[in-house]
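Shown next, in C-alpha coordinates, is the structure this report addresses.
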There are 2 protein chains.
Amino acid sequence: MNRRTFHRAPEGERRQELIRATLDTIAALGLKAATVRAIAIRAGVTAGLVRHYFASKDQMVAEAYRFMLTTFAAKAADIAGDPRMRLRKFITLNLTAPVADSHSLSLWASFISQVRVDPELAAIHRDGYLGFRNDLQGLIRDFLEAEGRPAGEADCRRHAIAINGMIDGLWLEGCLAGELFEEAELVAIALSSIEALLGLPIGPDDEANTVPERAGDATTA
Amino acid sequence: MNRRTFHRAPEGERRQELIRATLDTIAALGLKAATVRAIAIRAGVTAGLVRHYFASKDQMVAEAYRFMLTTFAAKAADIAGDPRMRLRKFITLNLTAPVADSHSLSLWASFISQVRVDPELAAIHRDGYLGFRNDLQGLIRDFLEAEGRPAGEADCRRHAIAINGMIDGLWLEGCLAGELFEEAELVAIALSSIEALLGLPIGPDDEANTVPERAGDATTA
DNA sequence: GCGGAAATTATTCAACCGTATAATAACGCC
DNA sequence: GGCGTTATTATACGGTTGAATAATTTCCGC
(Lines give C-alpha, C1' and ligand atoms only; values in the text may rest on other atoms or scores of the structure.)
Protein backbone atom coordinates (compact mmCIF):
# COMPACT_ATOMS: atom_id res chain seq x y z
CA MET A 1 0.00 0.00 0.00
CA ASN A 2 1.84 3.00 -1.28
CA ARG A 3 1.63 6.39 0.29
CA ARG A 4 0.52 9.35 -1.78
CA THR A 5 3.28 11.56 -3.12
CA PHE A 6 2.76 15.22 -2.27
CA HIS A 7 4.08 18.68 -2.83
CA ARG A 8 5.62 20.53 0.04
CA ALA A 9 4.34 24.08 -0.06
CA PRO A 10 6.51 27.14 0.62
CA GLU A 11 6.14 29.11 3.84
CA GLY A 12 2.65 30.59 4.31
CA GLU A 13 1.38 29.58 0.92
CA ARG A 14 -0.45 26.48 2.06
CA ARG A 15 -1.99 28.37 4.92
CA GLN A 16 -3.42 30.90 2.47
CA GLU A 17 -4.63 28.07 0.25
CA LEU A 18 -6.50 26.54 3.16
CA ILE A 19 -8.16 29.85 4.03
CA ARG A 20 -9.22 30.33 0.44
CA ALA A 21 -10.53 26.76 0.28
CA THR A 22 -12.47 27.39 3.48
CA LEU A 23 -14.22 30.43 1.98
CA ASP A 24 -14.88 28.66 -1.32
CA THR A 25 -16.31 25.62 0.42
CA ILE A 26 -18.59 27.66 2.67
CA ALA A 27 -19.83 29.67 -0.29
CA ALA A 28 -20.43 26.56 -2.36
CA LEU A 29 -21.83 24.12 0.17
CA GLY A 30 -22.84 26.16 3.19
CA LEU A 31 -21.32 26.32 6.64
CA LYS A 32 -22.79 23.02 7.75
CA ALA A 33 -21.30 21.05 4.87
CA ALA A 34 -17.95 22.81 5.09
CA THR A 35 -16.27 20.02 7.00
CA VAL A 36 -12.56 19.77 7.55
CA ARG A 37 -12.46 16.94 5.05
CA ALA A 38 -14.39 18.86 2.39
CA ILE A 39 -12.15 21.89 2.81
CA ALA A 40 -9.00 19.79 2.73
CA ILE A 41 -10.06 18.01 -0.46
CA ARG A 42 -10.74 21.36 -2.12
CA ALA A 43 -7.29 22.53 -1.10
CA GLY A 44 -5.78 19.31 -2.44
CA VAL A 45 -4.50 18.01 0.88
CA THR A 46 -5.69 15.57 3.51
CA ALA A 47 -7.78 16.47 6.52
CA GLY A 48 -5.11 15.94 9.12
CA LEU A 49 -2.99 18.73 7.71
CA VAL A 50 -5.42 21.36 8.86
CA ARG A 51 -4.31 20.93 12.43
CA HIS A 52 -0.74 21.46 11.40
CA TYR A 53 -1.55 25.02 10.39
CA PHE A 54 -4.43 25.92 12.69
CA ALA A 55 -5.14 25.15 16.32
CA SER A 56 -8.62 23.99 15.37
CA LYS A 57 -11.16 24.08 12.60
CA ASP A 58 -12.93 26.94 14.36
CA GLN A 59 -9.76 28.99 14.32
CA MET A 60 -9.32 28.38 10.61
CA VAL A 61 -12.89 29.49 9.96
CA ALA A 62 -12.36 32.57 12.11
CA GLU A 63 -9.24 33.51 10.18
CA ALA A 64 -11.09 32.99 6.94
CA TYR A 65 -13.74 35.45 8.11
CA ARG A 66 -11.10 37.98 9.08
CA PHE A 67 -9.50 37.56 5.67
CA MET A 68 -12.82 38.17 3.93
CA LEU A 69 -13.53 41.37 5.84
CA THR A 70 -9.98 42.59 5.35
CA THR A 71 -10.24 42.01 1.61
CA PHE A 72 -13.45 44.02 1.43
CA ALA A 73 -12.02 46.90 3.42
CA ALA A 74 -8.84 46.95 1.37
CA LYS A 75 -10.79 47.41 -1.86
CA ALA A 76 -12.50 50.49 -0.49
CA ALA A 77 -9.32 51.94 0.94
CA ASP A 78 -7.46 52.73 -2.25
CA ILE A 79 -10.01 54.99 -3.87
CA ALA A 80 -8.45 58.16 -5.21
CA GLY A 81 -9.74 61.40 -6.66
CA ASP A 82 -11.72 64.44 -5.55
CA PRO A 83 -14.44 64.02 -2.90
CA ARG A 84 -17.27 63.68 -5.42
CA MET A 85 -15.36 61.05 -7.39
CA ARG A 86 -14.42 59.14 -4.24
CA LEU A 87 -18.00 58.95 -3.02
CA ARG A 88 -19.19 57.82 -6.44
CA LYS A 89 -16.48 55.17 -6.69
CA PHE A 90 -17.26 53.92 -3.20
CA ILE A 91 -20.89 53.37 -4.12
CA THR A 92 -20.09 51.77 -7.46
CA LEU A 93 -17.51 49.50 -5.90
CA ASN A 94 -19.97 48.13 -3.37
CA LEU A 95 -22.75 47.53 -5.88
CA THR A 96 -20.85 45.68 -8.58
CA ALA A 97 -18.99 42.40 -8.67
CA PRO A 98 -17.05 41.04 -6.93
CA VAL A 99 -18.52 42.69 -3.85
CA ALA A 100 -22.08 42.28 -5.06
CA ASP A 101 -22.59 38.72 -6.22
CA SER A 102 -24.28 35.64 -4.87
CA HIS A 103 -20.94 34.20 -3.81
CA SER A 104 -20.39 37.11 -1.46
CA LEU A 105 -23.90 36.99 -0.07
CA SER A 106 -23.57 33.30 0.59
CA LEU A 107 -20.40 33.82 2.54
CA TRP A 108 -21.73 36.83 4.34
CA ALA A 109 -24.95 35.15 5.42
CA SER A 110 -23.14 32.06 6.62
CA PHE A 111 -20.88 34.09 8.84
CA ILE A 112 -23.59 36.47 10.06
CA SER A 113 -25.65 33.54 11.26
CA GLN A 114 -22.71 32.39 13.35
CA VAL A 115 -21.61 35.77 14.65
CA ARG A 116 -24.32 35.80 17.28
CA VAL A 117 -23.33 32.49 18.82
CA ASP A 118 -19.55 32.58 18.46
CA PRO A 119 -17.77 35.21 20.59
CA GLU A 120 -14.55 34.99 18.59
CA LEU A 121 -16.37 35.58 15.32
CA ALA A 122 -18.29 38.41 16.98
CA ALA A 123 -15.05 40.16 17.88
CA ILE A 124 -13.73 39.82 14.35
CA HIS A 125 -17.04 41.04 13.01
CA ARG A 126 -16.92 44.11 15.22
CA ASP A 127 -13.36 44.90 14.13
CA GLY A 128 -14.25 44.48 10.49
CA TYR A 129 -17.39 46.57 10.48
CA LEU A 130 -16.24 49.23 12.91
CA GLY A 131 -14.81 51.58 10.31
CA PHE A 132 -17.20 51.00 7.45
CA ARG A 133 -19.85 53.56 8.16
CA ASN A 134 -17.28 55.96 9.57
CA ASP A 135 -15.46 55.78 6.24
CA LEU A 136 -18.68 56.54 4.44
CA GLN A 137 -19.46 59.35 6.83
CA GLY A 138 -16.04 60.83 6.10
CA LEU A 139 -16.63 60.62 2.37
CA ILE A 140 -19.96 62.39 2.76
CA ARG A 141 -18.51 65.14 4.93
CA ASP A 142 -15.70 65.77 2.46
CA PHE A 143 -18.14 65.81 -0.42
CA LEU A 144 -20.51 68.27 1.25
CA GLU A 145 -17.62 70.55 2.19
CA ALA A 146 -16.17 70.45 -1.31
CA GLU A 147 -19.58 71.45 -2.68
CA GLY A 148 -19.76 74.38 -0.30
CA ARG A 149 -22.41 72.73 1.85
CA PRO A 150 -20.54 71.94 5.07
CA ALA A 151 -22.69 69.99 7.53
CA GLY A 152 -22.57 69.29 11.24
CA GLU A 153 -21.72 66.01 12.86
CA ALA A 154 -25.36 65.03 13.41
CA ASP A 155 -26.36 65.73 9.82
CA CYS A 156 -23.43 63.75 8.45
CA ARG A 157 -24.26 60.85 10.73
CA ARG A 158 -27.87 60.86 9.62
CA HIS A 159 -26.88 60.94 5.96
CA ALA A 160 -24.35 58.17 6.51
CA ILE A 161 -26.94 55.94 8.15
CA ALA A 162 -29.45 56.48 5.37
CA ILE A 163 -26.95 56.05 2.55
CA ASN A 164 -25.24 53.11 4.18
CA GLY A 165 -28.64 51.53 4.58
CA MET A 166 -29.45 52.10 0.95
CA ILE A 167 -26.12 50.64 -0.20
CA ASP A 168 -26.59 47.59 2.01
CA GLY A 169 -30.13 47.11 0.80
CA LEU A 170 -29.33 47.46 -2.89
CA TRP A 171 -26.34 45.19 -2.38
CA LEU A 172 -28.71 42.67 -0.90
CA GLU A 173 -31.12 42.97 -3.80
CA GLY A 174 -28.32 42.69 -6.31
CA CYS A 175 -26.95 39.57 -4.63
CA LEU A 176 -30.32 37.92 -4.22
CA ALA A 177 -31.58 38.62 -7.69
CA GLY A 178 -28.76 40.05 -9.71
CA GLU A 179 -30.17 38.59 -12.90
CA LEU A 180 -33.21 40.85 -12.60
CA PHE A 181 -31.17 44.02 -12.96
CA GLU A 182 -29.15 45.48 -15.77
CA GLU A 183 -25.46 45.72 -14.99
CA ALA A 184 -25.43 49.38 -14.05
CA GLU A 185 -29.05 49.71 -13.00
CA LEU A 186 -28.55 49.35 -9.25
CA VAL A 187 -25.63 51.74 -9.29
CA ALA A 188 -27.68 54.29 -11.22
CA ILE A 189 -30.59 53.97 -8.80
CA ALA A 190 -28.25 54.38 -5.86
CA LEU A 191 -26.58 57.45 -7.32
CA SER A 192 -29.78 59.24 -8.27
CA SER A 193 -31.36 58.37 -4.92
CA ILE A 194 -28.37 59.72 -3.06
CA GLU A 195 -28.51 62.87 -5.14
CA ALA A 196 -32.08 63.28 -3.94
CA LEU A 197 -31.08 62.61 -0.35
CA LEU A 198 -28.21 65.09 -0.33
CA GLY A 199 -29.71 67.56 -2.79
CA LEU A 200 -26.50 67.58 -4.82
CA PRO A 201 -25.50 66.02 -8.15
CA ILE A 202 -22.93 63.25 -7.95
CA GLY A 203 -22.61 61.93 -11.46
CA PRO A 204 -19.89 63.33 -13.72
CA ASP A 205 -20.83 64.86 -17.05
CA ASP A 206 -18.93 62.30 -19.07
CA GLU A 207 -20.72 59.28 -17.70
CA ALA A 208 -24.34 58.19 -17.87
CA ASN A 209 -26.04 58.75 -14.57
CA THR A 210 -29.62 58.29 -15.57
CA VAL A 211 -31.56 55.16 -14.76
CA PRO A 212 -31.77 52.92 -17.80
CA GLU A 213 -35.28 52.01 -18.89
CA ARG A 214 -36.31 48.45 -18.27
CA ALA A 215 -39.86 47.13 -18.22
CA GLY A 216 -39.21 43.82 -16.50
CA ASP A 217 -41.23 42.32 -13.68
CA ALA A 218 -40.60 43.34 -10.13
CA THR A 219 -39.77 40.40 -7.95
CA THR A 220 -37.19 40.29 -5.27
CA ALA A 221 -35.95 36.76 -5.48
CA MET B 1 -35.51 4.28 36.40
CA ASN B 2 -38.97 5.75 36.10
CA ARG B 3 -40.28 6.92 32.82
CA ARG B 4 -41.23 10.55 32.50
CA THR B 5 -44.91 11.23 32.57
CA PHE B 6 -45.90 13.04 29.43
CA HIS B 7 -48.61 15.20 28.06
CA ARG B 8 -50.49 14.08 25.00
CA ALA B 9 -50.87 17.15 22.84
CA PRO B 10 -53.91 17.72 20.63
CA GLU B 11 -53.43 17.11 16.94
CA GLY B 12 -51.57 19.89 15.19
CA GLU B 13 -50.64 21.72 18.33
CA ARG B 14 -47.51 19.73 18.98
CA ARG B 15 -46.56 20.08 15.36
CA GLN B 16 -46.77 23.85 15.64
CA GLU B 17 -44.79 23.70 18.87
CA LEU B 18 -42.04 21.81 17.12
CA ILE B 19 -41.91 24.32 14.26
CA ARG B 20 -41.70 27.18 16.72
CA ALA B 21 -39.01 25.37 18.67
CA THR B 22 -37.11 24.82 15.43
CA LEU B 23 -37.09 28.54 14.64
CA ASP B 24 -36.19 29.49 18.20
CA THR B 25 -33.33 27.02 18.29
CA ILE B 26 -31.92 28.14 14.95
CA ALA B 27 -32.09 31.75 16.05
CA ALA B 28 -30.45 31.00 19.37
CA LEU B 29 -27.78 28.49 18.42
CA GLY B 30 -27.43 28.68 14.66
CA LEU B 31 -28.39 26.21 11.99
CA LYS B 32 -25.46 23.91 12.63
CA ALA B 33 -26.22 23.50 16.32
CA ALA B 34 -29.96 23.15 15.80
CA THR B 35 -29.97 19.39 16.17
CA VAL B 36 -33.06 17.29 16.53
CA ARG B 37 -32.22 16.83 20.19
CA ALA B 38 -31.78 20.52 20.88
CA ILE B 39 -35.05 21.32 19.15
CA ALA B 40 -36.93 18.53 20.91
CA ILE B 41 -35.62 19.59 24.32
CA ARG B 42 -36.75 23.15 23.65
CA ALA B 43 -40.17 21.84 22.72
CA GLY B 44 -40.25 19.73 25.86
CA VAL B 45 -40.31 16.33 24.16
CA THR B 46 -37.75 13.73 23.27
CA ALA B 47 -35.92 13.50 19.99
CA GLY B 48 -37.65 10.43 18.65
CA LEU B 49 -40.95 12.24 18.54
CA VAL B 50 -39.82 14.43 15.67
CA ARG B 51 -39.99 11.52 13.32
CA HIS B 52 -43.57 10.95 14.25
CA TYR B 53 -44.56 14.37 12.94
CA PHE B 54 -42.03 14.93 10.17
CA ALA B 55 -40.47 12.59 7.67
CA SER B 56 -37.05 13.95 8.53
CA LYS B 57 -35.28 16.81 10.21
CA ASP B 58 -34.79 18.53 6.86
CA GLN B 59 -38.50 18.51 6.21
CA MET B 60 -39.19 20.05 9.61
CA VAL B 61 -36.65 22.79 8.93
CA ALA B 62 -38.19 23.45 5.52
CA GLU B 63 -41.64 23.79 7.01
CA ALA B 64 -40.26 26.11 9.64
CA TYR B 65 -38.87 28.34 6.90
CA ARG B 66 -42.18 28.38 5.11
CA PHE B 67 -43.89 29.30 8.36
CA MET B 68 -41.48 32.18 8.94
CA LEU B 69 -42.02 33.66 5.48
CA THR B 70 -45.76 33.24 5.76
CA THR B 71 -45.79 35.01 9.09
CA PHE B 72 -43.82 37.95 7.68
CA ALA B 73 -46.08 38.27 4.68
CA ALA B 74 -49.22 38.03 6.77
CA LYS B 75 -48.13 40.96 8.93
CA ALA B 76 -47.79 43.21 5.91
CA ALA B 77 -51.05 42.06 4.38
CA ASP B 78 -53.51 43.46 6.88
CA ILE B 79 -52.53 47.09 6.74
CA ALA B 80 -55.53 49.36 6.41
CA GLY B 81 -56.05 53.05 5.76
CA ASP B 82 -55.52 55.57 2.99
CA PRO B 83 -52.55 55.12 0.63
CA ARG B 84 -50.29 57.47 2.58
CA MET B 85 -51.07 55.72 5.84
CA ARG B 86 -50.58 52.29 4.34
CA LEU B 87 -47.16 53.15 2.94
CA ARG B 88 -46.12 54.66 6.25
CA LYS B 89 -47.35 51.64 8.21
CA PHE B 90 -45.57 49.28 5.83
CA ILE B 91 -42.28 51.02 6.44
CA THR B 92 -42.77 51.27 10.18
CA LEU B 93 -43.77 47.63 10.41
CA ASN B 94 -40.62 46.45 8.69
CA LEU B 95 -38.28 48.60 10.75
CA THR B 96 -39.53 47.85 14.23
CA ALA B 97 -39.72 44.69 16.31
CA PRO B 98 -40.57 41.93 15.81
CA VAL B 99 -39.56 42.16 12.16
CA ALA B 100 -36.43 44.15 12.91
CA ASP B 101 -34.53 42.44 15.69
CA SER B 102 -31.47 40.27 15.93
CA HIS B 103 -33.65 37.19 16.30
CA SER B 104 -35.12 37.75 12.87
CA LEU B 105 -31.80 38.51 11.25
CA SER B 106 -30.31 35.39 12.72
CA LEU B 107 -33.08 33.25 11.32
CA TRP B 108 -33.02 35.01 8.01
CA ALA B 109 -29.26 34.67 7.56
CA SER B 110 -29.30 31.02 8.54
CA PHE B 111 -31.87 30.21 5.93
CA ILE B 112 -30.43 32.44 3.21
CA SER B 113 -27.09 30.72 3.51
CA GLN B 114 -28.83 27.39 2.93
CA VAL B 115 -31.17 28.51 0.17
CA ARG B 116 -28.43 28.31 -2.44
CA VAL B 117 -27.56 24.71 -1.73
CA ASP B 118 -30.94 23.23 -0.85
CA PRO B 119 -33.42 23.04 -3.74
CA GLU B 120 -36.42 22.54 -1.48
CA LEU B 121 -35.57 25.61 0.57
CA ALA B 122 -34.95 27.51 -2.65
CA ALA B 123 -38.46 26.77 -3.87
CA ILE B 124 -39.97 27.91 -0.59
CA HIS B 125 -37.79 31.00 -0.68
CA ARG B 126 -38.95 31.89 -4.16
CA ASP B 127 -42.59 31.47 -3.20
CA GLY B 128 -42.17 33.60 -0.13
CA TYR B 129 -40.30 36.52 -1.66
CA LEU B 130 -42.08 36.64 -4.97
CA GLY B 131 -44.67 39.26 -4.06
CA PHE B 132 -42.76 41.44 -1.64
CA ARG B 133 -41.51 44.20 -3.89
CA ASN B 134 -44.64 44.04 -5.99
CA ASP B 135 -46.63 44.81 -2.84
CA LEU B 136 -44.40 47.77 -2.13
CA GLN B 137 -44.64 48.94 -5.73
CA GLY B 138 -48.42 48.82 -5.46
CA LEU B 139 -48.35 50.89 -2.29
CA ILE B 140 -46.13 53.47 -3.94
CA ARG B 141 -48.32 53.68 -7.04
CA ASP B 142 -51.45 54.15 -4.94
CA PHE B 143 -49.74 56.78 -2.86
CA LEU B 144 -48.50 58.78 -5.84
CA GLU B 145 -51.93 58.63 -7.46
CA ALA B 146 -53.67 59.72 -4.28
CA GLU B 147 -51.33 62.70 -4.07
CA GLY B 148 -52.11 63.70 -7.63
CA ARG B 149 -48.74 62.59 -8.91
CA PRO B 150 -49.54 59.51 -10.98
CA ALA B 151 -46.42 57.80 -12.30
CA GLY B 152 -45.68 55.30 -15.04
CA GLU B 153 -44.72 51.70 -14.57
CA ALA B 154 -41.01 52.35 -14.98
CA ASP B 155 -40.97 55.18 -12.45
CA CYS B 156 -42.87 53.13 -9.90
CA ARG B 157 -40.51 50.22 -10.40
CA ARG B 158 -37.49 52.44 -9.94
CA HIS B 159 -38.92 53.94 -6.77
CA ALA B 160 -39.86 50.51 -5.46
CA ILE B 161 -36.33 49.21 -5.97
CA ALA B 162 -34.76 52.19 -4.26
CA ILE B 163 -37.18 52.21 -1.33
CA ASN B 164 -37.13 48.46 -0.93
CA GLY B 165 -33.36 48.65 -0.89
CA MET B 166 -33.44 51.33 1.77
CA ILE B 167 -35.88 49.38 3.92
CA ASP B 168 -33.79 46.23 3.61
CA GLY B 169 -30.63 48.11 4.40
CA LEU B 170 -32.00 49.94 7.42
CA TRP B 171 -33.57 46.69 8.57
CA LEU B 172 -30.13 45.16 8.34
CA GLU B 173 -28.54 47.98 10.30
CA GLY B 174 -31.24 47.83 12.93
CA CYS B 175 -30.84 44.09 13.34
CA LEU B 176 -27.06 44.16 13.42
CA ALA B 177 -26.70 47.08 15.76
CA GLY B 178 -30.11 47.91 17.11
CA GLU B 179 -28.61 49.18 20.33
CA LEU B 180 -26.94 52.02 18.47
CA PHE B 181 -30.22 53.57 17.43
CA GLU B 182 -33.06 55.18 19.26
CA GLU B 183 -36.31 53.28 19.02
CA ALA B 184 -37.85 55.43 16.31
CA GLU B 185 -34.64 56.73 14.76
CA LEU B 186 -34.41 54.29 11.87
CA VAL B 187 -38.08 54.72 11.04
CA ALA B 188 -37.67 58.48 11.05
CA ILE B 189 -34.61 58.29 8.81
CA ALA B 190 -36.46 56.00 6.43
CA LEU B 191 -39.53 58.22 6.27
CA SER B 192 -37.64 61.45 5.72
CA SER B 193 -35.38 59.80 3.13
CA ILE B 194 -38.35 58.43 1.26
CA GLU B 195 -39.96 61.86 1.35
CA ALA B 196 -36.82 63.16 -0.32
CA LEU B 197 -36.89 60.34 -2.88
CA LEU B 198 -40.53 60.82 -3.81
CA GLY B 199 -40.67 64.53 -3.24
CA LEU B 200 -43.79 64.17 -1.11
CA PRO B 201 -44.46 64.32 2.63
CA ILE B 202 -45.45 61.03 4.24
CA GLY B 203 -45.61 61.74 7.94
CA PRO B 204 -48.92 62.73 9.53
CA ASP B 205 -49.20 65.99 11.44
CA ASP B 206 -49.99 64.31 14.72
CA GLU B 207 -46.88 62.19 14.88
CA ALA B 208 -43.23 63.16 15.14
CA ASN B 209 -41.52 62.63 11.83
CA THR B 210 -38.28 64.45 12.42
CA VAL B 211 -35.04 62.66 13.12
CA PRO B 212 -34.27 62.74 16.84
CA GLU B 213 -30.88 64.19 17.72
CA ARG B 214 -28.31 61.73 18.94
CA ALA B 215 -24.60 62.43 19.18
CA GLY B 216 -23.39 58.87 19.53
CA ASP B 217 -20.57 57.30 17.61
CA ALA B 218 -21.12 55.94 14.17
CA THR B 219 -20.29 52.26 14.08
CA THR B 220 -22.17 49.59 12.24
CA ALA B 221 -21.73 46.64 14.51
C1' DG C 1 32.44 24.21 -3.45
C1' DC C 2 30.25 19.41 -3.62
C1' DG C 3 28.00 14.86 -2.67
C1' DG C 4 25.64 12.58 0.38
C1' DA C 5 24.21 11.51 5.27
C1' DA C 6 21.51 13.30 8.98
C1' DA C 7 18.11 16.29 10.83
C1' DT C 8 13.94 18.64 10.16
C1' DT C 9 9.25 19.11 9.25
C1' DA C 10 5.30 19.02 6.09
C1' DT C 11 2.14 15.68 4.91
C1' DT C 12 -0.40 11.35 4.81
C1' DC C 13 -2.89 7.77 6.99
C1' DA C 14 -5.71 5.10 10.01
C1' DA C 15 -8.00 5.07 14.00
C1' DC C 16 -10.51 7.33 18.04
C1' DC C 17 -14.17 9.52 20.46
C1' DG C 18 -18.11 12.14 20.63
C1' DT C 19 -22.35 13.15 18.73
C1' DA C 20 -25.84 13.30 15.03
C1' DT C 21 -29.83 11.19 12.61
C1' DA C 22 -32.71 7.43 11.74
C1' DA C 23 -34.81 3.25 12.99
C1' DT C 24 -36.94 0.34 16.22
C1' DA C 25 -38.45 -1.61 20.54
C1' DA C 26 -40.77 -0.61 24.95
C1' DC C 27 -44.22 1.63 27.41
C1' DG C 28 -48.54 4.12 29.16
C1' DC C 29 -52.96 6.24 28.40
C1' DC C 30 -57.45 6.05 26.43
C1' DG D 1 -55.74 -3.54 22.56
C1' DG D 2 -54.47 0.30 19.70
C1' DC D 3 -52.32 4.48 19.31
C1' DG D 4 -49.29 8.12 20.74
C1' DT D 5 -45.02 8.87 23.10
C1' DT D 6 -40.57 7.62 24.84
C1' DA D 7 -36.19 4.96 25.43
C1' DT D 8 -32.81 2.45 23.17
C1' DT D 9 -29.99 1.03 19.62
C1' DA D 10 -27.62 1.14 14.98
C1' DT D 11 -25.14 3.43 11.81
C1' DA D 12 -22.71 7.25 10.04
C1' DC D 13 -20.01 11.20 10.15
C1' DG D 14 -17.29 15.07 12.21
C1' DG D 15 -13.05 16.86 14.46
C1' DT D 16 -8.97 15.41 16.33
C1' DT D 17 -4.80 12.65 17.21
C1' DG D 18 -0.30 10.48 16.79
C1' DA D 19 2.66 7.52 14.40
C1' DA D 20 4.67 6.62 9.83
C1' DT D 21 6.68 8.59 5.85
C1' DA D 22 8.10 11.68 2.06
C1' DA D 23 10.16 16.12 0.83
C1' DT D 24 13.34 19.55 1.96
C1' DT D 25 17.16 21.70 4.38
C1' DT D 26 21.33 21.49 7.02
C1' DC D 27 25.54 19.86 7.92
C1' DC D 28 29.95 17.69 7.30
C1' DG D 29 33.98 15.40 5.33
C1' DC D 30 36.38 15.84 1.39
Side-chain angles (χ1 to χ4, degrees), chain A residues 1-26 28-65 110 113-114 117-118 120-121, chain B residues 1-22 25-26 28-65 110 113-114 117-118 120-121:
Chain A
M1 194 129 100
N2 282 343
R3 201 163 247 259
R4 235 173 96 185
T5 72
F6 55 86
H7 165 67
R8 205 166 161 143
E11 174 63 27
E13 187 176 297
R14 177 124 299 163
R15 196 183 168 82
Q16 191 58 32
E17 255 174 54
L18 282 170
I19 286 180
R20 202 167 288 277
T22 302
L23 293 177
D24 288 348
T25 307
I26 292 174
L29 307 176
L31 199 53
K32 192 163 49 176
T35 67
V36 168
R37 285 182 177 84
I39 294 168
I41 286 172
R42 192 174 287 258
V45 297
T46 54
L49 188 60
V50 163
R51 295 240 334 121
H52 184 75
Y53 286 97
F54 302 95
S56 70
K57 181 206 177 188
D58 286 347
Q59 196 213 314
M60 181 168 71
V61 171
E63 292 205 19
Y65 187 43
S110 293
S113 64
Q114 283 303 303
V117 297
D118 186 329
E120 189 172 352
L121 279 190
Chain B
M1 190 128 106
N2 282 343
R3 213 157 235 271
R4 273 169 61 192
T5 68
F6 58 87
H7 164 68
R8 177 177 294 211
E11 174 60 29
E13 186 176 299
R14 177 129 298 170
R15 195 183 169 80
Q16 191 58 33
E17 254 174 53
L18 282 171
I19 286 180
R20 202 168 289 277
T22 302
T25 307
I26 291 174
L29 307 176
L31 198 54
K32 193 164 49 176
T35 67
V36 171
R37 279 197 187 83
I39 293 168
I41 287 172
R42 191 173 289 256
V45 297
T46 52
L49 186 60
V50 164
R51 273 193 53 75
H52 182 73
Y53 285 100
F54 302 94
S56 69
K57 181 202 173 189
D58 286 347
Q59 196 212 316
M60 181 168 70
V61 170
E63 292 205 18
Y65 187 43
S110 293
S113 64
Q114 284 301 303
V117 298
D118 186 329
E120 188 172 353
L121 280 190

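Only a predicted model underlies this, so the values are computations on that prediction, with no experimental measurement involved. We use all heavy atoms of the structure for the numbers below, so side chains are in, but hydrogens, waters and symmetry mates are not. Convention: sequence-line order gives letters A, B, ...; per-chain numbering from 1.
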Determine which pairs satisfy salt bridge (Lys or Arg N to Asp or Glu O under 4.0 Å) with at least one residue from residues 42-65 of chain B, sequence neighbours left out, and list them in order. B/Arg15-B/Glu63
Separation between CD1 of B/Ile26 and OH of B/Tyr65, rounded to the nearest 0.5 Å: 11.0 Å
In whole Å, what is the span from the CG atom of A/Leu49 to the C1' atom of D/dT17? 14 Å
Identify all pairs in which a protein N or O lies below 3.5 Å from an N or O of nucleotides 17-20 of chain C, and state each distance.
from	atom 1	to	atom 2	distance (Å)
C/dA20	OP2	B/Arg37	NH1	3.3

A/Arg20 with A/Glu17: basic N within carboxylate O range, under 4.0 Å: no
Between B/Tyr53 and D/dT5, is there a side-chain N or O to OP1/OP2 distance below 4.0 Å? yes
Work out which heavy atom in B/Ile39 is nearest to a heavy atom in B/Thr22; give both atom names and the distance. CG2-OG1, 3.6 Å
Expressed in angstrom and rounded to an integer, what is the separation of A/Phe54 atom CZ from C/dA10 atom P? 13 Å
Can you tell me how far P of D/dC13 sits from CD1 of A/Ile41, to the nearest Å? 13 Å
Please report the distance, rounded to the nearest Å, between NZ in A/Lys32 and P in C/dT21. 8 Å
Closest approach of B/Ala62 to B/Leu121 (non-hydrogen atoms, all atoms of both residues): CA-CD2, 3.8 Å
Counting any heavy atom closer than 4.0 Å, what does A/Val45 reach on the DNA or RNA strands: base, sugar-phosphate only, or nothing? sugar-phosphate
Taking distance alone, no hydrogens or angles, what donor-acceptor pairs closer than 3.5 Å link side-chain atoms of residues 28-38 of chain B to residues at least two apart or in another chain?
from	atom 1	to	atom 2	distance (Å)
B/Thr35	OG1	B/Arg37	N	3.4
B/Thr35	OG1	B/Ala38	N	3.1

Length of the line joining A/Leu18:CG and D/dG15:P, which is rounded to integer Å: 14 Å
Once you round it to whole Å, what is the distance between C1' of C/dT12 and CZ of A/Arg14? 12 Å
If the cut-off is 4.0 Å, is A/His52 near the phosphate of C/dA10, judged by side-chain N/O to OP1 or OP2? yes
Length of the CZ-C1' vector between B/Arg51 and D/dA7, whole Å: 16 Å
